Trainee: 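Provided herewith is a single structure, encoded as structure tokens, for subsequent inquiry.
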Amino acid sequence: MWKPSACILCECNCGIEVLVGDDGRSFDKIRGDKLHPASAGYTCNKALRLGLHQNGNTGRITHPLRRKEDGTFEEIGWDTAISEIAARLGAIRDTCGGETIFYYGGGGQGNHLGGAYSPATLAAFGARYRSSALAQEKTGEFWVSARMLGNMTRADFEHCEVALFVGKNPYQSHGFPRARSVLKEIAKDPARSMVVIDPVRTETAELADFHLQVRPGTDVYLLTALAAVLVQEDLVAADWLAEHADGLDAVTAVLRQVPVSEYCVTADVDETLVRAVAARIAAADSVAVFEDLGVQMNRDSTLVSYVEKLVWLLTGNFGKRGAQYVPSSLVPLGRDRGYPDGQGPRSPVVGAKIISGLVPCNVIAEEILTDHPARYRAMLVESANPAHSLADSATMREALAALELVVVIDVAMTETARLAHYVLPAPTQFEKFEATFFNFDFPRNVFHLRHPVVAAPEGVLPEPEIHARLVEASGALTEEDYAPLRAAAQAGRAEFAQAFLGVLADPAKRRLAPVLLYRTLGPTLPHDASAAAVLWMAAHECARKNPAGVEKAGYGTGLEAGERLFEAIVNGPHGVHITHDDHDASWRRLLRGRINLDVPELLSAVAALRDRAVPQQDPDWPFVLSAGERRAFTANTIMRDPSWRRRDPDGRLRMSVTDATRLGVTTGDRVRLTTRRGSAEVAVDTTDTMRAGHISLPNGLGLTVRERTGVAPNELTAAEDRDEWAGTPWHKHVPARLEPIGPEAL
Ligand SMILES: Nc1nc2c(c(=O)[nH]1)N[C@H]1C(S)=C(S)[C@@H](COP(=O)(O)OP(=O)(O)OC[C@H]3O[C@@H](n4cnc5c(=O)[nH]c(N)nc54)[C@H](O)[C@@H]3O)O[C@H]1N2
Ligand SMILES: Nc1nc2c(c(=O)[nH]1)N[C@H]1C(S)=C(S)[C@@H](COP(=O)(O)OP(=O)(O)OC[C@H]3O[C@@H](n4cnc5c(=O)[nH]c(N)nc54)[C@H](O)[C@@H]3O)O[C@H]1N2
Ligand code: SF4
Ligand SMILES: [Mo]
């Protein structure tokens with residue numbers, strides 16, 4: 001039988017249909033789901049072999065595990081696991097304070113429902129600090145967006161006249177629905193243009209009209225030059241800015257002084273090309289822009305985010321078709337309060353800026369490996385693999401070993417799980433109700449609550465159940481809390497809503513709300529969808545905050561609208577539209593309905609670029625390594641079965657033909673790759689798509705299932721290589737050197 005679900009390998013979560021075999025387990029066929037409201041039948045090559053995530057050689061775990069003295073694991077029952085973990089967390093809270101219990105993760109590319117229950121567990125044990133992968137990619141941009149707009153933005157590539165990709169390769173990494181089709185449509189339409197800023201001639205750059213093949217790590221110069229040309233050649237949308245934006249004079253004053261030619265030389269991009277791009281952007285009716293890891297995990301990343309936003313704001317590309325917008329959301333992600341630098345929350349040991357509630361990934365080990373009294377003592381890791389995905393794996397392993405308690409909730413025996421005291425096994429995303437919160441479509445936004453397509457093995461528990469049991473074992477919630485809500489839920493939704501509002505009035509109970517909902521409303525939901533209970537509150541919130549959008553999507557008005565929206569989500573296994581906005585909605589979601597161009601600390605940093613020494617290559621480290629590129633067969637560490645990869649099974653190091661010739665190596669030869677932090681042997685792939693001096697390793701390799709496949713990028717990265725504002729890493733800019741390995745060394 002064909003069953004609807006979604007691909008879980010990137011943030012797009014394309015709708016798929018799975019033909020489950022007669023054994024009730026095997027994925028006989030997978031196809032795109034035409035009924036999915038965002039992907040409409042589209043998938044890329046990666047989805048079609050998802051059966052290997054479900055049934056492959058992945059190191060699946062199906063029993064709670066406890067580490068023994070000798071480092072091996074023993075299977076234990078759930079009751080033992082939950083009571084021991086709760087007792088140990090409770091003891092840490094009582095002796096050192098709950099704020100020394102750290103939470104990491106909460107969802108990968110497609111599974112955020114479980115993480116939505118984690119705030120209850122954190123509250124039950126008094127935990128305060130948390131982080132996730134977003135704090136090594138997006139937090140700089142979140143902070144800049146908060147300062148300039150008061151909200152995050154996305155862009156409408158489907159309808160834009162000009163698409164600009166900055167350190168982003170959507171042909172491989174996607175990031176918006178039906179990416180490959182949309183890119184090809186833009187490429188073949190003579191009235192539309194694509195601009196790519198990337199040191200590599202990527203698959204996306206191949207389709208572009210303008211490829212600015214920037215010198216790695218110098219984007220801040222290139223983008224500043226681009227923004228400066230807009231000002232110096234009077235290409236800015238002056239009337240629009242007068243109506244909608246503050247701070248134009250300050251920005252103009254700085255950009256007028258920019259030595260455009262000099263910066264183009266620094267970035268090693270032809271000045272005429274930069275001027276042509278500025279003119280093309282200024283002439284377009286609409287420009288959509290996506291900046292991603294190529295700049296967000298690189299030098300000056302926060303500054304780049306600022307200047308990148310200036311480029312599209314100065315040209316009036318916000319709040320209209322084909323431009324940037326502020327999406328609606330069922331469950332908001334990543335919103336930051338936008339404190340000026342020097343204000344706002346800080347991490348307890350290092351004092352790093354906490355953005356969107358997240359401690360920068362790059363300081364976590366430092367916050368543990370110290371005798372500072374506020375150091376973290378325990379870590380709860382949910383659906384993440386920090387021992388592999390955070391900078392400097394060796395130090396991360398040391399940090400995890402120094403903790404009094406590490407608990408990992410995962411589906412597989414990951415690199416992190418192997419270092420835990422307890423490992424709690426969850427059903428895969430095809431064995432339970434699951435959803436992504438990465439829904440940013442506009443004007444019609446979507447939500448997809450996936451139903452299970454196959455049965456879970458005995459011995460695993462879905463994350464909401466794990467959180468509920470941990471909260472109950474802490475004593476924070478008991479039957480007494482549940483009874484009145486259960487009775488109300490039996491009486492009806494309106495009665496339940498009223499009773500629940502009463503509970504929310506108590507701040508101590510408010511943070512436990514997800515588990516309260518799961519235990520009381522949950523059992524009354526159709527299809528055994530108790531895990532969806534937390535979405536009930538989210539649906540009502542969505543309808544309350546965006547009544548027009550929810551009404552236009554067909555759910556009516558008032559309290560009823562939230563209820564109808566929730567019903568549609570629970571009963572719509574292919575996904576549903578949740579909101580239908582007009583462009584004014586983007587403006588309404590801005591802080592004061594206006595744009596702020598002048599972020600003083602960042603603007604002065606842009607002005608100061610002139611006086612700063614131009615970055616030079618250290619002769620001891622003649623290469624720049626991009627550690628962790630997205631390729632045809634990479635998917636973070638979600639796909640653990642190495643046989644999934646149809647091409648490039650070991651993840652080769654890409655390098656230019658020029659460099660290869662100089663080193664005397666050719667495709668297939670092995671080299672020793674060394675950075676300040678580590679060293680690895682790897683086979684090379686020579687290509688004419690890369691600049692000399694730039695080399696790249698794929699993301700997500702170096703996993704050990706039975707044996708290790710490929711190079712783990714973070715054995716080579718250093719935690720101190722991070723952005724001065726947001727603490728985000730420089731994974732794409734690791735100084736490196738290479739030595740050929742003669743055949744005798746093999
Ligand atoms: N196939 C696949 N798709 C994925 C994922 C995956 O693992 N595999 N992961 C998902 C996730 S979690 C994310 S966050 C996204 C990330 O998606 P992307 O950001 O698109 O992915 P990357 O390949 O890491 O980096 C993008 C580009 O940055 C370029 N780059 C390197 N150095 C520089 C530089 O100095 N300047 C500029 N301008 N560019 C530079 C690289 O050449 C590369 O083409 O992908 C998502 N999609
Ligand atoms: N050097 C370098 N490092 C990087 C990057 C890079 O480009 N270069 N990219 C960074 C980026 S952008 C990201 S997003 C991170 C990603 O790194 P992480 O945030 O650590 O996440 P994933 O690798 O996506 O791993 C997700 C985990 O969830 C588990 N899982 C899958 N399904 C379920 C489920 O249903 N329940 C539970 N509990 N677990 C499940 C998987 O087994 C896996 O262990 O890596 C970052 N690290
Ligand atoms: S990897 Fe991403 S784009 Fe490809 S099918 Fe899966 S969700 Fe869609
Ligand atoms: Mo990511």
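Along the sequence shown, residues carry numbers from 1. This one's a predicted model, so the numbers in the text were calculated from it and none came from an experiment. Just so you know, ligand 1 is whichever comes first in the structure, and atom 1 is the first atom listed for that ligand.
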Trainee: Under a 4.0 Å heavy-atom limit, does S132 contact ligand 2 with its side chain, its backbone, both, or neither?
Mentor: neither
Trainee: Tell me if the centroids of the rings in F176 and F442 come within less than 6.0 Å of each other.
Mentor: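 Centroid separation for F176 and F442: 6.0 Å or greater.
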Trainee: Taking distance alone, with no angle check, do A627 and ligand 2 share an N/O pair under 3.5 Å?
Mentor: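 So ligand 2 has an N or O lying under 3.5 Å from an N or O of A627.
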Trainee: Considering non-hydrogen atoms of the protein only, which is the closest contact for atom 38 (N) of ligand 2, and what is the distance?
Mentor: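 Scanning the protein heavy atoms, the shortest distance from atom 38 (N) of ligand 2 goes to E463 OE2, 2.8 Å.
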Trainee: Checking the side chain of N111 only, and the main-chain atoms of G108 only, is there a donor and an acceptor separated by less than 3.5 Å?
Mentor: yes
Trainee: Identify the protein heavy atom lying closest to atom 10 (C) of ligand 2, giving its residue, its atom name and the separation to 0.1 Å.
Mentor: M297 CE, 3.4 Å
Trainee: Near P713, which atoms of ligand 2 are under 4.0 Å from a heavy atom of that residue?
Mentor: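 Result: 1 (N).
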Trainee: Decide whether H467 and T121 meet the rule of one side-chain donor and one side-chain acceptor closer than 3.5 Å.
Mentor: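 Present: a donor and an acceptor within the cut-off.
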Trainee: Give a yes or no answer on whether the side chain of T634 reaches the backbone of R631 with a donor-acceptor pair at less than 3.5 Å.
Mentor: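 Looks like yes, one N/O pair under 3.5 Å.
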Trainee: I'd like to check which ligand 2 atoms, numbered from 1 as shown, lie under 4.0 Å from a non-hydrogen atom of I638.
Mentor: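 Matching atoms, with element in brackets: 24 (O).
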Trainee: Does S383 reach ligand 2 with a nitrogen or oxygen that is under 3.5 Å from one of the ligand's nitrogen or oxygen atoms?
Mentor: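 In this structure, S383 places an N or O atom under 3.5 Å from an N or O of ligand 2.
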Trainee: Hey, which atoms in ligand 2 end up nearer than 4.0 Å to a heavy atom of P427?
Mentor: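 Every atom of ligand 2 under 4.0 Å from some heavy atom of P427: 35 (O).
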Trainee: Among E431, K138, R630, which one puts a heavy atom closest to atom 11 (C) of ligand 2?
Mentor: R630
Trainee: Can you list the ligand 2 atoms lying under 4.0 Å from a non-hydrogen atom of L293?
Mentor: 12 (S)
Trainee: Are any of the N or O atoms of N714 closer than 3.5 Å to those of ligand 2?
Mentor: yes
Trainee: May I ask you to check whether Y117 and Y518 place their ring centers less than 6.0 Å from one another?
Mentor: yes
Trainee: Enumerate the atoms of ligand 3 whose separation from the nearest heavy atom of T43 is less than 4.0 angstrom.
Mentor: 5 (S)
Trainee: Between N714 and S389, is there a donor-acceptor pair closer than 3.5 Å when you use the side chain of the first and the backbone of the second?
Mentor: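 At least one qualifying donor-acceptor pair exists.
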Trainee: Between E463 and K432, does any side-chain N to carboxylate O distance fall below 4.0 Å?
Mentor: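 Looking at K432 together with E463, the answer is yes, because their closest N to O distance falls below 4.0 Å.
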Trainee: Where is the nearest protein heavy atom to atom 1 (S) of ligand 3: which residue, which atom, and how far?
Mentor: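 Here the closest protein heavy atom is K46 CE, 3.3 Å.
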Trainee: Compute the shortest N/O to N/O distance between T414 and ligand 2 and return yes if it is under 3.5 Å, no if not.
Mentor: no
Trainee: Considering only the protein, which heavy-atom contact is closest to atom 15 (C) of ligand 2, and what is its distance?
Mentor: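 Closest protein heavy atom to atom 15 (C) of ligand 2: A133 CB, 3.7 Å.
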Trainee: Return a yes/no value for T717: is any of its N or O atoms, backbone included, closer than 3.5 angstrom to an N or O of ligand 2?
Mentor: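 For ligand 2, there is no N or O atom that lies under 3.5 Å from one belonging to T717.
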Trainee: Does ligand 2 come near enough to I409 that some N or O of the ligand is less than 3.5 Å from an N or O of the residue?
Mentor: yes
Trainee: For atom 18 (P) of ligand 2, what's the nearest protein heavy atom and its distance?
Mentor: S389 OG, 3.6 Å
Trainee: Any idea which atoms of ligand 2 are less than 4.0 Å away from a heavy-atom of K732?
Mentor: 7 (O)
Trainee: Do S626 and H694 meet the criterion of a side-chain donor-acceptor pair at a distance under 3.5 Å?
Mentor: yes
Trainee: Which ligand 3 atoms does L9 reach within 4.0 Å, using its non-hydrogen atoms?
Mentor: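 Matching atoms, with element in brackets: 1 (S).
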Trainee: Between R31 and W2, is NZ or CZ placed under 6.0 angstrom from the six-membered ring centre and within 45° of the ring axis?
Mentor: yes
Trainee: Are any N, O or S atoms from C7 nearer to atom 6 (Fe) of ligand 3 than 2.8 Å?
Mentor: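 Checking atom 6 (Fe) of ligand 3 against C7, an N, O or S atom does fall under 2.8 Å.
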Trainee: Can you check whether A387's main-chain N or O pairs, donor with acceptor, with T416's side chain at less than 3.5 Å?
Mentor: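 A pair under 3.5 Å: yes.
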Trainee: Give yes if a backbone or side-chain nitrogen or oxygen of T637 is under 3.5 Å from a nitrogen or oxygen of ligand 2, and no if not.
Mentor: yes
Trainee: Among all protein heavy atoms in this structure, tell me which lies nearest to atom 16 (C) of ligand 2, with the distance rounded to 0.1 Å.
Mentor: N636 ND2, 3.5 Å
Trainee: Tell me the contacting part of N13 for ligand 3: side chain, backbone, both, or neither, using a 4.0 Å heavy-atom threshold, strictly below.
Mentor: backbone
Trainee: Between Q54 and Q429, does any side-chain donor sit less than 3.5 Å from a side-chain acceptor?
Mentor: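 Q54 vs Q429: no donor-acceptor pair found between side chains.
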Trainee: Going by atom types only, do T689 and R654 share a side-chain donor-acceptor pair under 3.5 Å?
Mentor: no
Trainee: Quick check on atom 8 (Fe) of ligand 3: does C14 put an N/O/S atom closer than 2.8 Å to it?
Mentor: yes
Trainee: Which ligand 2 atoms are under 4.0 Å away from a heavy-atom of K432?
Mentor: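 Once the distances to K432 are compared, the set is 34 (C), 35 (O), 36 (N).
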Trainee: Identify the closest protein heavy atom to atom 2 (Fe) of ligand 3: which residue and atom is it, and at what distance?
Mentor: C10 SG, 2.3 Å
Trainee: With a 6.0 Å cut-off on the ring centroids, do F290 and H174 count as close?
Mentor: no
Trainee: Whether the side chain of R25 engages the backbone of V454 through a donor-acceptor N/O pair (distance < 3.5 Å, no angle test) should be reported.
Mentor: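 Side chain of R25 to backbone of V454, a donor-acceptor pair under 3.5 Å: no, none is there.
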Trainee: Considering heavy atoms of the protein only, find what lies nearest to atom 34 (C) of ligand 2 and give residue, atom and distance to 0.1 Å.
Mentor: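 The closest heavy atom on the protein side is N111 ND2, 3.3 Å.
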Trainee: Check whether any N, O or S atom of C44 sits under 2.8 Å from atom 4 (Fe) of ligand 3.
Mentor: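 So C44 counts as coordinating atom 4 (Fe) of ligand 3, yes.
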Trainee: Side chains of E382 and S118: any donor to acceptor distance under 3.5 Å?
Mentor: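 No pair is found: no donor N or O on one side chain lies under 3.5 Å from an acceptor on the other.
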Trainee: Please list the nearest protein heavy atom to atom 46 (C) of ligand 2 with its residue and the distance rounded to 0.1 Å.
Mentor: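 Closest protein heavy atom to atom 46 (C) of ligand 2: Q136 NE2, 3.4 Å.
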Trainee: Which ligand 3 atoms are under 4.0 Å away from a heavy-atom of A47?
Mentor: 5 (S)
Trainee: So is Q429 polar-close to ligand 2, meaning N/O to N/O under 3.5 Å?
Mentor: yes
Trainee: Return yes if some donor-acceptor pair links the side-chain N/O of N45 with the main-chain N/O of A632 below 3.5 Å, else return no.
Mentor: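 Yes, the answer is positive, given that a donor and an acceptor are paired below the 3.5 Å cut-off.
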Trainee: When you compare ligand 2 with G628, is there at least one nitrogen or oxygen pair between them that comes in under 3.5 angstrom?
Mentor: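 Yes: some nitrogen or oxygen of G628 is under 3.5 Å from one in ligand 2.
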Trainee: Purely on distance, is any nitrogen or oxygen of E434 under 3.5 Å from one on ligand 2?
Mentor: no
Trainee: What is the ring orientation for Y129 with Y376, classed by angle as parallel under 30°, tilted 30 to 60°, or perpendicular over 60°?
Mentor: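 Rings of Y129 and Y376: tilted, as their planes differ by 30° to 60°.
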Trainee: Spell out, as yes or no, whether a donor-acceptor pair under 3.5 Å connects the side chain of T675 to the backbone of L716.
Mentor: yes
Trainee: Assess the pair F438 and H112: is the distance between their ring centroids shorter than 6.0 Å?
Mentor: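 Aromatic pair counts; centres sit under 6.0 Å.
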Trainee: Among all protein heavy atoms, pick out the one at the shortest distance from atom 29 (C) of ligand 2; state its residue, atom name and that distance to 0.1 Å.
Mentor: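 So the nearest neighbour among protein heavy atoms is D410 OD1, 3.2 Å.
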Trainee: Considering only heavy atoms of E137, which atoms of ligand 2 have at least one such atom less than 4.0 Å away?
Mentor: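 This gives 12 (S), 14 (S) as the contact atoms.
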Trainee: Does any N or O in the side chain of D441 come within less than 3.5 Å of the main-chain N or O of R444, such that one atom is a donor and the other an acceptor?
Mentor: no
